[in-house]
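Hydrogens, waters and symmetry mates play no part in the numbers below; they use all other heavy atoms, side chains included.
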Amino acid sequence: MKERLPVILNIYKIKEDSVINIFGITLYHTAIEFADTEYAFGFHEESTSGIYDIKPMSYDEGRYVESIILGYTDRRTFFNNIDKLKRIYSGQSYNILLKNCNHFTNNMSKVLFNKEIPNRYSRFLGIGETLRKLF
């Protein structure tokens, strides 16, 4: 029987002095924790994946808010899926409005558990697409 480990969504409130919060909107950085490693998505100059891994709870561009267990899976399933997403989430494809860390964690949650991350952290996922259509 395969060992099933928790897949955890770690949430951080982006620092108030960030240029992102200039309009007074609270934005969140989200990351996926699995097997004592935290995975997130961000901009990277090179054509390599923008999905990076760090020690859990070591994100320093925001204040930790909470952790939510999304579900349980085995190592093989998790790593097969994150490897697939690494091809989609290249570092150069990062866009603060259209393809950011929340898009990555939401996609990972859908792939693994067929569910989205909580709305209070994902409500801005569609804002970029809406703005793009308007302008």
Side-chain angles (χ1 to χ4, degrees):
M1 185 170 182
K2 295 179 182 177
E3 179 186 22
R4 296 173 59 81
L5 301 169
V7 176
I8 303 165
L9 179 71
N10 290 331
I11 300 104
Y12 305 86
K13 182 179 175 186
I14 302 293
K15 292 179 181 177
E16 274 80 19
D17 63 350
S18 167
V19 84
I20 297 167
N21 288 324
I22 200 164
F23 299 109
I25 298 170
T26 301
L27 295 179
Y28 297 93
H29 169 76
T30 56
I32 298 286
E33 181 179 341
F34 182 77
D36 297 320
T37 303
E38 188 171 284
Y39 299 88
F41 172 63
F43 178 77
H44 194 283
E45 289 278 342
E46 298 174 20
S47 61
T48 59
S49 178
I51 297 174
Y52 61 92
D53 59 275
I54 59 174
K55 178 181 171 188
M57 306 295 182
S58 64
Y59 179 73
D60 61 0
E61 295 298 316
R63 180 182 53 79
Y64 171 76
V65 175
E66 71 174 314
S67 296
I68 300 167
I69 295 177
L70 296 172
Y72 294 81
T73 194
D74 60 87
R75 290 176 189 274
R76 183 176 188 186
T77 300
F78 182 86
F79 291 114
N80 282 343
N81 283 293
I82 204 158
D83 285 344
K84 289 176 188 174
L85 290 181
K86 282 181 178 181
R87 291 182 224 127
I88 297 168
Y89 287 89
S90 71
Q92 292 178 338
S93 72
Y94 181 88
N95 180 296
I96 192 67
L97 295 175
L98 300 171
K99 197 173 192 181
N100 61 42
C101 60
N102 300 309
H103 291 91
F104 160 66
T105 57
N106 195 56
N107 199 343
M108 191 69 174
S109 183
K110 282 189 208 177
V111 167
L112 290 173
F113 307 112
N114 198 31
K115 68 179 182 181
E116 296 191 354
I117 64 174
N119 186 40
R120 63 188 176 272
Y121 303 119
S122 67
R123 64 180 162 219
F124 295 107
L125 289 179
I127 197 167
E129 189 59 35
T130 301
L131 290 173
R132 191 171 69 118
K133 288 178 183 176
L134 290 174
F135 301 102

By ring pair (Phe, Tyr, Trp, His ring centres under 6.0 Å), which residues pair with F104, not counting sequence neighbours? Y89

Hydrophobic cluster mates of V111, side-chain heavy atoms under 4.5 angstrom, ILVMFWY only, any path? none

Under the rule for side chain to side chain donor-acceptor pair (under 3.5 Å), what residues qualify as partners of T105, not counting sequence neighbours? T30

D74: partners by side chain to side chain donor-acceptor pair (under 3.5 Å), with sequence neighbours left out: T77

Are L97 and F43 in one and the same hydrophobic cluster, where Ile, Leu, Val, Met, Phe, Trp and Tyr link if side-chain heavy atoms are under 4.5 Å apart? yes

Could you check F78 against L5 for side-chain contact (heavy atoms from CB on, under 4.5 Å), going step by step and ending with a plain yes or no? CA-CA 10 Å; F78 182 86; L5 301 169; over 6 Å; no

Is it true that a side-chain atom of N81 and a backbone atom of L112 form a donor plus acceptor pair closer than 3.5 Å? no

Just wondering, do S109 and L9 contact through their side chains at under 4.5 Å, heavy atoms? no

How long is the gap from OH on Y28 to CZ on R63, to the nearest 0.5 Å? 8.0 Å

Say you draw a straight line from CD1 of I51 to CD1 of I32; how long is it, rounded to the nearest 0.5 Å? 10.0 Å

Look up atom SG in C101 and atom CD1 in I96, then write down how far apart they are to the nearest 0.5 Å. 7.0 Å

With side chain to side chain contact (heavy atoms under 4.5 Å, CB included) as the test, pick out the partner of I117 among N106, N107, I11. N106

Which residues pass the side chain to side chain contact (heavy atoms under 4.5 Å, CB included) test with N10, not counting sequence neighbours? I8, Y12, E33, E38, M57, S67

Contacts of type side chain to side chain contact (heavy atoms under 4.5 Å, CB included), residue I88, not counting sequence neighbours: L85, K99

Which residues satisfy the salt bridge (Lys or Arg N to Asp or Glu O under 4.0 Å) test with K115, sequence neighbours excluded? none

If you round to the nearest 0.5 Å, how far is CD of E66 from NZ of K13? 13.5 Å

Not counting sequence neighbours, which residues clear side chain to side chain contact (heavy atoms under 4.5 Å, CB included) with F79? List them please. F34, Y39, R75, I82

Would you list the pairs meeting salt bridge (charged side-chain N to carboxylate O under 4.0 Å, His left out) in which at least one residue belongs to residues 102-111, sequence neighbours left out? K110-E116

At what distance, to the nearest 0.5 angstrom, does NZ of K55 lie from OG1 of T37? 11.5 Å

Heavy-atom closest contact (Y94 atom, N100 atom, distance): CE1-CA, 3.5 Å

Is there side-chain contact between L27 and N102, with heavy atoms separated by less than 4.5 Å? no

Return the set of residues passing side chain to side chain contact (heavy atoms under 4.5 Å, CB included) with N80 (not counting sequence neighbours), or none when no residue passes. R76

